[in-house]
Amino acid sequence: MNSDEADADRFRRQAMVCRQEAEKAGSPEDAASWLRLAEDFDERAQQLHRALERRLANLKPS
């Protein structure tokens, strides 16, 4: 597993933790904040995944 894959996995785990915290939040505002944070982590993971796919595509013979 390369660094980007490990980072993407870490961001996905963080997103999951944020969603769990949103479920336990004491107010709708707190829950919404946790969910926004989860979305940010998901987006970072997706960006890394797309970058990895582009690099792999460049390695394939034409």
Side-chain angles (χ1 to χ4, degrees):
M1 180 178 294
N2 73 27
S3 176
D4 284 347
E5 287 176 291
D7 287 343
D9 285 343
R10 183 171 46 89
F11 288 141
R12 285 186 201 98
R13 285 191 305 274
Q14 285 299 119
M16 183 180 64
V17 169
C18 290
R19 286 188 185 86
Q20 291 169 347
E21 290 298 322
E23 290 176 11
K24 298 186 291 185
S27 72
E29 293 83 8
D30 288 345
S33 293
W34 280 112
L35 292 174
R36 280 192 302 275
L37 192 54
E39 289 174 11
D40 289 345
F41 280 120
D42 281 334
E43 179 58 31
R44 289 179 186 182
Q46 289 173 7
Q47 288 171 351
L48 288 171
H49 183 72
R50 286 189 298 266
L52 180 60
E53 285 181 336
R54 284 191 298 273
R55 283 198 304 273
L56 290 174
N58 289 335
L59 295 175
K60 293 180 183 178
S62 300

| query | Does the pair Arg50 and Glu43 meet the rule for a salt bridge (charged side-chain N to carboxylate O under 4.0 Å, His left out), with working shown? | reply | CA-CA 10 Å; Arg50 286 189 298 266; Glu43 179 58 31; 3.1 Å; yes
Measure the [atom1]-[atom2] distance between [X] and [Y] for me, rounded to the nearest 0.5 Å.
{"X": "Glu23", "Y": "Trp34", "atom1": "CD", "atom2": "CH2", "result": "12.5 Å"}
{"X": "Asp30", "Y": "Leu35", "atom1": "CG", "atom2": "CG", "result": "11.0 Å"}
{"X": "Arg36", "Y": "Cys18", "atom1": "CZ", "atom2": "SG", "result": "11.5 Å"}
{"X": "Arg12", "Y": "Asp7", "atom1": "CZ", "atom2": "CG", "result": "10.5 Å"}
{"X": "Arg54", "Y": "His49", "atom1": "CZ", "atom2": "NE2", "result": "10.5 Å"}

| Steps toward side chain to side chain contact (heavy atoms under 4.5 Å, CB included) verdict (Asp9, Arg13) | CA-CA 6 Å; Asp9 285 343; Arg13 285 191 305 274; 3.6 Å; yes
| SB check Glu21 Lys24 (cutoff 4.0 Å) |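 Between Lys24 and Glu21 there is a salt bridge, with a charged N closer than 4.0 Å to a carboxylate O.
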| request: Taking all heavy atoms of Ala45 and all of Ala8, pick out the closest pair and write down the distance. | output: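 Minimum heavy-atom contact is CB-O, 3.6 Å.
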| request: With Phe41 as reference, evaluate Arg19, Met16, Gln14 under the side chain to side chain contact (heavy atoms under 4.5 Å, CB included) test and give the passing residue. | output: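 Output: one option passes, namely Gln14.
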